[in-house]
Amino acid sequence: MKLKHLVLATLLPTLLASAGFAYAQFKKPEDAIKYRQNVFNVMATSFGKIGAVVKGEAPFNKEEVAKNAAVVAMLSTLPWQAFGPGTEGGNALPGVWSDNAKFKAAGEKMQLAVANLNTAAQSGDQEAIKKAFGAAGATCKGCHDDFKKK
Ligand code: ASC
C-alpha cells in the first residue's frame, strides 16, 4: 500500500465517525460483538508481533514492524462503533455502557498511543518503538482492567 493510501485508510474512519456517519451497522447484537472481537483479535495479533520484536524474541525487521503498527493504528479506529446501545455482552463489562464517557476516553487514549507507535514504527527508530510500544500496551491494559471480563 502506498503511504498516501495508508494515511487515507487510517484517517477516513475517524473522519466518518466524527461526522456522525454510521458506516457500519449491525443486524443483530451478536454481529456487533463478533465484529469488535474480531477487530481486537487482529489488533492483538499485530501488536503481539511488535511485542515479540521489542522483547527480543524476534528479529527487528523495520518493514514488518511498520506494517504491523499501521494495521494496529488503522484497526484502533474501528471497534467503538460496535459498542452501541443494546450490544452488551461478549467480553465487555457493563461499565462500557454505564460509564460510557470513561470508556470513550480510554479508547481515545489507546488510539492516540497506537498512532504514536505507528509514527515511531514508520521512522524505524528502535528506541522510540520500544517506548511507544510500552505506552500503547499500558492503554490496552488500563481499559481491560476497567471494561473487560477477566
Ligand atoms: C497485547 C494484547 C493486549 C495487550 C495487553 C498489554 O499484546 O493482546 O491486550 O498487549 O496485554 O498489557
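For ligands, and for the atoms within them, numbers begin at 1 and follow the listed sequence. Just so it is clear, the structure is predicted and the values come from calculations on it, not from any experiment.
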Student: Does atom NZ (K62) have a neighbourhood of more than 12 heavy atoms from anything else shown, all under 6.0 Å?
Tutor: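 Enclosed: over 12 neighbouring heavy atoms sit under 6.0 Å from NZ of K62.
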Student: The criterion is ring-ring contact (aromatic ring centres under 6.0 Å, His included); which residues satisfy it with F103, sequence neighbours excluded?
Tutor: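 Checked F103 against ring-ring contact (aromatic ring centres under 6.0 Å, His included); matches are W80, F83, F147.
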Student: May I ask whether L117 and V42 are part of the same hydrophobic cluster, defined by side-chain heavy atoms of I, L, V, M, F, W, Y residues being less than 4.5 angstrom apart, directly or through others?
Tutor: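 Yes, L117 connects to V42 through the hydrophobic network.
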Student: Are more than 12 heavy atoms from other residues, nucleotides or ligands located less than 6.0 Å from atom NZ of K27?
Tutor: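 No, the 6.0 Å shell around NZ holds no more than 12 heavy atoms from other groups.
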Student: At a heavy-atom distance under 4.0 Å, which protein residues reach ligand 1? Sort them by chain and number, would you?
Tutor: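 Near ligand 1, by chain and number: A44, F47, G137, C140, K141, H144.
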Student: Is L93 linked to I33 within one hydrophobic cluster, defined over Ile, Leu, Val, Met, Phe, Trp and Tyr using a side-chain heavy-atom separation of less than 4.5 Å?
Tutor: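 Result: no, two separate clusters.
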Student: Taking atom types as modelled, is there a side-chain donor on Q122 or N118 under 3.5 Å from an acceptor on the other?
Tutor: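 Result is yes, a qualifying pair exists.
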